Structures are given as structure tokens and as C-alpha cells.
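Quick caveat: nothing in here was measured; it's all calculated off a predicted structure.
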Amino acid sequence: IELTYTEPGRHEMHDIDVEIRELKKRYQDKMHKKGVPTRLWPYVLVHQAEIMSLIPRGRQNRSGYEIITGKTPDITEYLDFDIWDLCWYHREDSP
């Protein structure tokens with residue numbers, strides 16, 4: 001990972017600025033659409049960042065996970081449930 005610096009006050013959009021803006025937008029959309037309580041915002045932010053690291057983005061058309069590890073990401077754990085979904089379960093000891 002190449003470390004770079006930017007000057008404060010520059011109006012040019014760098015890749016990281018675009019990604020942070022996209023993460024913020026996705027996080028705010030998810031909080032609003034799902035009605036997630038405000039106290040859970042850190043979990044929603046991490047969840048969205050994890051998803052963004054697993055989906056292909058940018059010019060290389062590869063995910064961040066794939067670029068770092070060389071492996072294809074497994075997204076199956078994100079397919080069944082979202083960050084704030086109603087989930088019913090059945091306990092064996094209940095009638």
C-alpha cells in the first residue's frame with residue numbers, strides 16, 4: 001500500500017476522498033432506510049466499509065480484499081441478512 005499525502009484546502013478529489021464520501025453516503029442511506037437506532041452507528045459504518053472492501057470498485061475492477069490477499073472474497077455471509085433485519089428463531093424448549 002503506497003502512502004501519499006494531500007495538502008489541506010485542495011479542491012482536487014483524490015481516490016480516498018471519493019471512497020470516504022461514498023462510505024458516508026452508504027452509511028447514512030442504510031441508517032435512514034432501515035431505521036437503525038442512532039446509538040448503533042459505529043456498527044453500520046463498519047458493516048458498510050466491510051461490504052465496500054469486498055465488492056469490485058475503481059479502475060482495476062477488483063475488490064480491495066482481492067488486491068491485498070489475491071483471493072476472491074466470499075460474500076455469502078452478507079447475502080442472507082442485512083445490518084438491521086427482523087429475524088425469527090424457534091427454540092426447542094418452547095411449545
Side-chain angles (χ1 to χ4, degrees):
I1 298 174
E2 183 180 335
L3 182 62
T4 59
Y5 298 94
T6 58
E7 296 178 23
R10 299 279 294 194
H11 298 290
E12 301 157 349
M13 292 301 289
H14 297 283
D15 291 341
I16 191 66
D17 297 326
V18 173
E19 293 301 314
I20 290 172
R21 184 179 64 215
E22 180 66 20
L23 176 60
K24 184 177 177 182
K25 181 177 143 264
R26 290 175 61 110
Y27 146 76
Q28 289 173 339
D29 287 347
K30 188 64 68 177
M31 291 288 290
H32 178 70
K33 288 179 183 174
K34 290 287 187 172
V36 180
T38 307
R39 68 181 182 275
L40 298 178
W41 72 266
Y43 299 103
V44 176
L45 189 65
V46 168
H47 184 262
Q48 291 302 312
E50 288 174 354
I51 290 174
M52 286 178 67
S53 74
L54 297 175
I55 57 176
R57 304 179 52 77
R59 294 180 216 102
Q60 296 178 339
N61 202 22
R62 294 172 58 199
S63 68
Y65 177 85
E66 188 176 1
I67 291 169
I68 300 283
T69 64
K71 299 176 184 175
T72 303
D74 181 16
I75 61 167
T76 54
E77 68 180 275
Y78 297 98
L79 298 178
D80 291 332
F81 299 101
D82 204 352
I83 186 72
W84 190 256
D85 281 341
L86 179 62
C87 181
W88 294 90
Y89 69 97
H90 177 72
R91 293 183 5 190
E92 294 295 328
D93 60 342
S94 65

Is it possible for you to say whether [X] and [Y] belong to one hydrophobic cluster, with membership spreading through side-chain heavy-atom contacts below 4.5 Å?
X	Y	answer
Val36	Leu23	yes
Val44	Met52	yes
Tyr27	Ile20	no
Tyr65	Ile51	yes

Is it the case that more than 12 heavy atoms not belonging to Lys34 sit under 6.0 Å from its NZ atom?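 Yes.
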Please check if the number of heavy atoms outside Ile55 that lie under 6.0 Å from its CD1 is greater than 12. yes
What verdict does the side-chain contact (heavy atoms from CB on, under 4.5 Å) test give for Asp29 and Gln48, after you've listed the backbone C-alpha separation in whole Å, the side-chain angles of each residue and the deciding distance to 0.1 Å? CA-CA 10 Å; Asp29 287 347; Gln48 291 302 312; over 6 Å; no
Taking every non-hydrogen atom, the tightest pair across Ser63 and Ser53: CB-O, 3.5 Å
Step by step, would you call Met31 with Trp84 a side-chain contact (heavy atoms from CB on, under 4.5 Å)? CA-CA 9 Å; Met31 291 288 290; Trp84 190 256; over 6 Å; no
For Asp80, check salt bridge (charged side-chain N to carboxylate O under 4.0 Å, His left out) against everything at least two apart and list the hits. none
As an exercise, state the distance from CD of Glu50 to CD1 of Ile75, rounded to the nearest 0.5 Å. 13.5 Å
Nearest 0.5 Å please: distance from the CG atom of Leu45 over to the CD atom of Gln28.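 Between atom CG of Leu45 and atom CD of Gln28 there are 10.0 Å.
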